[in-house]
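Since the structure comes first, as structure tokens, the remarks are kept for the end.
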Amino acid sequence: MKAVYFLLCLALARDSAANIVRQQLRPQMDTLFVQPLVNQFQQTYQETKQQHQSESTSYESKESKEHLSFDDISDYPSLFQSGNRNWNSPVFSSYITKGDQIPYADTIEWQGVQIAAGPRSPVKSKKDVERIFRDAYKSMQHVSEDEKRMIHKTFEEIDQTTHEEVQYNATQLLKHHGYGVEEHIVKTDDGYLLTLFRVQPKESNEILGENKRPVVLLIHGILGSADDWLLMGPKKSLAYILSDAGYDVWLGNTRGNKYARHHASKHESHPDFWQFSMDEIALHDLPAMIDFALQTSEQEKLYYVGHSQGNTIFFALAATLPEYREKVAMMYALSPMVYMTHVRSPLIKMMAPNSQFYERLHEQLGHSEFKPSKEVIHTVGGNMCEKEIDCKHVCSNINFVMSGVDTADMDFDLIPSIVAHLPAGTSTRVIKQLGQAVVSHEFRKYDYGFKINKKIYGMRQPTKYDMTEVKVPVALYYSEEDWLAHPKDVERLHKELPDVKDFYKVPEKHFNHMDFQFSKKAPEVVYKRLVESMQNN
Ligand SMILES: *[C@@H]1O[C@H](CO)[C@@H](O)[C@H](O)[C@H]1NC(C)=O
């Protein structure tokens, strides 16, 4: 009897060992991302290579040259067999970004979005894809083939002239344009070190008289930084306009962005550094920056201008700590992103805990910095963007892919600078918190799950931020095609806030989330109104 068991065990062990070996040799296809299938890949490799070679004489578009040639992957079998397959390696990524020239695995496609199909794929039908992308697709500008060609042409011209300025940090940008600047490091009560930029007036010898310049604090949006208020240059970007109008302009940075990556004891390379959501940004970073700007300028109150998440965190703070309501003379919210019920951004919809994409994306994104791979960016809308506007510079950038692209009012000369400065960094938890709001229909603290919520908040659900408590004069500026702050969600916010002085919808058809900072029309349709209101306040 024993011998029988022994043999049986032996057989089982052998079998499972064989399975393990087999599994290692077989590349495991990702269930979400579109990747070449090995067999199909091997079969079509020669064909595609020949085709590629015969085309190569006529095939001279600039973008195609950026990709690896087919010869670069001649060692592909070893890559598959090594067991350390890395789909982010340039070999695979170049395939994945090559569009329809690539032999793909089975896919489900909707308006240019391609998602892997197959038994283990979380996506079962076109409807699943459509549900995520439909709203974003509807509220975007669809450009013609002629316009696409124009965009390409503009880019080729830009590519030839590489400016050093494209990389400038906030200090360099301001100095370059003749403004002085102070760099301050502010430490939050939980140890993060944030850089605050203070803009010095352009005319340094200008006598300002006895009157102090009123303080304005500008807080950037999600995945942004202080740079965003400067990139368009003087007379166009808000920081210069406000400085020229006589304000003491401060540019803030929230933890995790490129100017806020130090901590008294945590290193940015360690996951501990990244364990924060918008709650910590709101309740630790903002108070530190507001207090510092007021103390340094010896003033009692300041004007606050937020873009995107810069508003979310302000409302969270003002709802929670009454003393900060007193410190703000007026709050200007450009694209007030608070309620997410009608959000159109595919990324945020996919990050909603009830979406079938959530598990896989969650796995991909991890628990530290939000740094989506090329495959993630493509899957959350990069490929739809490419199909629509056919511009890799824009469509490989997570800020554009998350917030949408408006080609009508875009200054194409500015794109190299935008993509060099964005994304500026945040935590994955911040993105997850936005996804949670899609399902909860509320503006709440971060949801850790029942067990931990109970310990932290004393109840199973996270604490709500009560918008009726935000007793601060507020101006809400929003727009029709904003993928992140949907007009319906902004209207709800408007109803709840107790003191809205101005509720203004930008009168432009294609004005979206990023346009509040980068559109050619922003100075005319947004900033002018804002500065006039501030001066009359
Ligand atoms: C900006 O760049 C300049 C020049 O490289 C450097 O001296 C300065 O420290 C930088 N400032 C910040 C805040 O990164």
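Numbering of ligands and ligand atoms starts at 1, following listing order. Keep in mind that this is a model prediction, so the values were computed, not measured.
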Legend entry - Protein contact to atom 14 (O) of ligand 1 [nearest heavy atom, distance to 0.1 Å]: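 That would be N169 ND2, 3.4 Å.
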Legend entry - Distance from atom 5 (O) of ligand 1 to nearest protein heavy atom, with residue and atom: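 It is Q172 NE2, 3.6 Å.
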Legend entry - Proximal atoms of ligand 1 relative to F197 (non-hydrogen, under 4.0 Å):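 Taking each heavy atom of F197 in turn, ligand 1 has 13 (C) under 4.0 Å.
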Legend entry - Atoms of ligand 1, numbered as shown, that sit under 4.0 Å from any heavy atom of E183: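 Heavy-atom distances to E183 below 4.0 Å select 8 (C), 10 (C), 11 (N), 12 (C), 13 (C).
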Legend entry - Close N or O approach (Y259, ligand 1; < 3.5 Å):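 Not met; the criterion fails.
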Inset, instruction - Report yes or no: do S533 and Y332 form a side-chain donor-acceptor pair below 3.5 Å? - result: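 Y332 and S533 do have a side-chain donor-acceptor pair below 3.5 Å.
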Inset, instruction - Taking the six-membered ring of F273 (Phe, Tyr or Trp), confirm whether the NZ or CZ of R261 is under 6.0 Å from its centre and within 45° of its axis. - result: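 Not flagged: R261 not positioned over aromatic ring of F273.
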Inset, instruction - Report yes or no: is the cationic atom of R213 (NZ for Lys, CZ for Arg) closer than 6.0 Å to the six-membered ring centre of Y247, at no more than 45° off its axis? - result: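 Not flagged: R213 not positioned over aromatic ring of Y247.
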Inset, instruction - State whether any protein heavy atom lies less than 4.0 Å from atom 11 (N) of ligand 1. - result: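 Neighbour list for atom 11 (N) of ligand 1 includes protein heavy atoms (cut-off 4.0 Å).
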Legend entry - SG-SG under 2.5 Å, C391 vs C385: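 Answer is no, sulfur atoms not closer than 2.5 Å.
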Legend entry - Ion pair check, R429 and E280, cut-off under 4.0 Å: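 Salt bridge: no.
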